[in-house]
Amino acid sequence: MALNCYDMLVLLFLIVNTSFYANVDGQKNGLGASFIFGDSLVDAGNNNYLSTLSKANIAPNGIDFKASGGNPTGRYTNGRTIGDIVGEELGQPNYAVPFLAPNATGKNILSGVNYASGGGGIMNATGRIFVNRIGMDVQIDYFSITRKQIDKLLGESKAKEYIMKKSIFSITVGANDFLNNYLLPVLSIGARISQSPDSFIDDMITHFRAQLTRLYEMDGRKFVIGNVGPIGCIPYQKTINQLKEDECVDLANKLALQYNGRLKDLVAELNDNLPGATFVLANVYDLVSDVIKNYKKYGFRTASRACCGNGGQFAGIIPCGPTSSMCSDRYKHVFWDPYHPSEAANLILAKQLLDGDNRYISPVNLRQLRDL
């Protein structure tokens with residue numbers, strides 16, 4: 001029997017819709033969406049759209065980022081961030097689009113959205129030295145906008161299932177709360193006079209608990225939380241403190257370790273108290289410390305000198321930009337700039353988070369988390 005025009009349109013609509021939902025449901029072995037929160041370690045370009053002193057959309061940043069042909073994208077490294085690499089490995093169809101980018105609309109958001117911002121932290125005061133940045137509270141406000149958009153795209157029940165079962169929430173935050181808040185000599189001196197490290201870390205944990213609970217209330221169920229790395233070992237800290245190659249700033253690392261101990265307890269508490277959720281802790285501190293300590297074993301030539309930067313023994317004072325000196329062997333440097341790892345280091349870190357054991361990622365690794 002011949003179909004009339006109306007029947008043909010209905011049939012076409014059903015085919016298009018079915019194939020669209022098949023894409024959403026379909027990747028049995030792939031990640032649906034990656035929602036990325038945090039700071040410059042995972043910012044994929046949000047700060048490009050802010051009036052801020054913290055920007056990476058200038059050459060030679062991104063020189064090895066194939067997707068842009070080597071042009072800067074706002075990523076604070078020479079190539080891919082850990083978030084990019086993990087998404088690729090888990091079968092995410094596209095990189096998570098920066099929330100503030102013009103193309104963060106429609107079906108694009110179904111591969112995930114990146115809310116991270118250079119200079120951002122858990123505490124709202126963190127990063128004010130940069131004038132503008134997006135802290136965690138506002139990043140989660142932005143996710144609530146995305147959440148409503150996904151309801152409209154998929155319908156409420158399918159959207160809920162997609163967020164709960166096919167999406168991973170990745171949070172890399174905390175370093176700036178020390179580097180660009182508590183440890184800043186001028187801006188934070190009042191806070192430090194009145195606030196002990198214990199008290200400041202208490203505040204961080206209280207805020208972070210509330211932030212992660214908000215994401216859970218918006219149907220987040222699979223979380224990976226990175227602890228704070230050895231921030232006393234970055235080229236900036238080594239340079240301004242005039243340290244030797246194998247030395248790190250003791251106070252900064254002690255603060256990171258103190259916070260990390262509390263974070264471990266928080267992750268265990270959330271796993272116990274939020275039904276159906278899995279919070280995975282990424283032990284970035286030990287992982288990065290191992291790469292720095294045993295850099296030759298990993299194929300690096302230096303773990304103290306920035307590849308791109310200027311100033312002092314380790315090129316660690318002035319951030320990477322067009323007038324910076326740049327190394328010729330980018331894949332032999334653990335650090336791309338005074339603060340951030342190179343893509344070569346990010347690849348090593350991502351591999352351990354994807355497939356490593358519970359020394360570096362627990363209670364499950366990221367491949368296992370995806371398949372839960």
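Annotation: the span from Arg330 atom CZ to Cys307 atom SG amounts to 6.5 Å, rounded to 0.5 Å. Summarising the geometry, atom CD belonging to Gln313 is positioned 7.5 Å from atom OG1 belonging to Thr239; distances are rounded to the nearest 0.5 Å.
For Asp198 and Gln258, the side-chain atoms include at least one donor-acceptor pair closer than 3.5 Å. For Ser342 and Asn78, the side-chain atoms include no donor-acceptor pair closer than 3.5 Å. Under 3.5 Å, the side chains of Asp43 and Asn114 contain no donor-acceptor pair of N or O atoms. Side-chain N/O atoms of Asn227 and Asn283 include a donor and acceptor closer than 3.5 Å. For the 3.5 Å distance criterion, the side chains of Thr81 and Asp84 qualify, holding a donor opposite an acceptor. Donor-acceptor pairing under 3.5 Å is lacking for the side chains of Asn365 and Tyr360. If you check the side chains of Tyr331 and Glu343, you find a donor sitting under 3.5 Å from an acceptor.
Listed for the Ser324 side chain is no donor-acceptor partner under 3.5 Å among the backbone atoms of Met326. Put simply, the side chain of Asn271 gets close to the backbone of Phe279: a donor and an acceptor are under 3.5 Å apart. A distance-only check finds a donor-acceptor pair linking the side chain of Asp39 to the backbone of Leu41 [under 3.5 Å]. Under a 3.5 Å cut-off, the side chain of Arg370 and the backbone N or O of Leu31 do not form any donor-acceptor pair. Not one N or O on the side chain of Gln237 forms a donor-acceptor pair closer than 3.5 Å with the backbone of Ile234.
Residues satisfying the salt bridge (charged side-chain N to carboxylate O under 4.0 Å, His left out) criterion with Arg305, sequence neighbours excluded, are absent altogether. Scanning for salt bridge (charged side-chain N to carboxylate O under 4.0 Å, His left out) contacts around Lys148 gives an empty result, with sequence neighbours left out. Partners of Asn358 according to the side chain to side chain donor-acceptor pair (under 3.5 Å) rule, which considers only residues two or more places apart in sequence or in another chain, do not exist here. The ring-ring contact (aromatic ring centres under 6.0 Å, His included) search around Phe37 returns Tyr115, not counting sequence neighbours. Judged as a side chain to side chain donor-acceptor pair (under 3.5 Å), and not counting sequence neighbours, the contacts of Asp357 are Arg359.
Here Tyr285 is tied into one hydrophobic group with Leu257, each link being a pair of ILVMFWY side chains closer than 4.5 Å.
When side chains are defined from C-beta on, Ile168 does not count as touching Leu366, because their heavy atoms never get closer than 4.5 Å. Side-chain contact between Ile82 and Thr172 is absent, with no heavy-atom pair separated by less than 4.5 Å.
Cation-pi geometry between Arg262 and Phe208 is not satisfied (NZ or CZ under 6.0 Å from the ring centre, within 45° of the ring normal).
A salt bridge between Lys166 and Glu161 is absent, with no side-chain N of the basic residue lying under 4.0 Å from a carboxylate O of the acidic one. Checked for salt-bridge contact, Asp151 and Arg147 meet the test: a charged N lies under 4.0 Å from a carboxylate O. Arg80 and Asp64 are not joined by a salt bridge, as no carboxylate oxygen comes within less than 4.0 angstrom of a charged side-chain nitrogen. Salt bridge absent: Glu245 and Lys238 never bring a charged side-chain N and a carboxylate O closer than 4.0 Å.
Each of Ile361, Leu90, Leu353 was checked for a side chain to side chain contact (heavy atoms under 4.5 Å, CB included) with Arg367, and the lone residue meeting it is Leu90.
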Point to revise | Intermediate values then yes/no, side-chain hydrogen bond (donor to acceptor under 3.5 Å, both in side chains), Asn181 and Asp177 | key: CA-CA 5 Å; Asn181 186 339; Asp177 293 285; 4.7 Å; no
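Ring-centre distance between Phe169 and Phe143: below the 6.0 Å cut-off.
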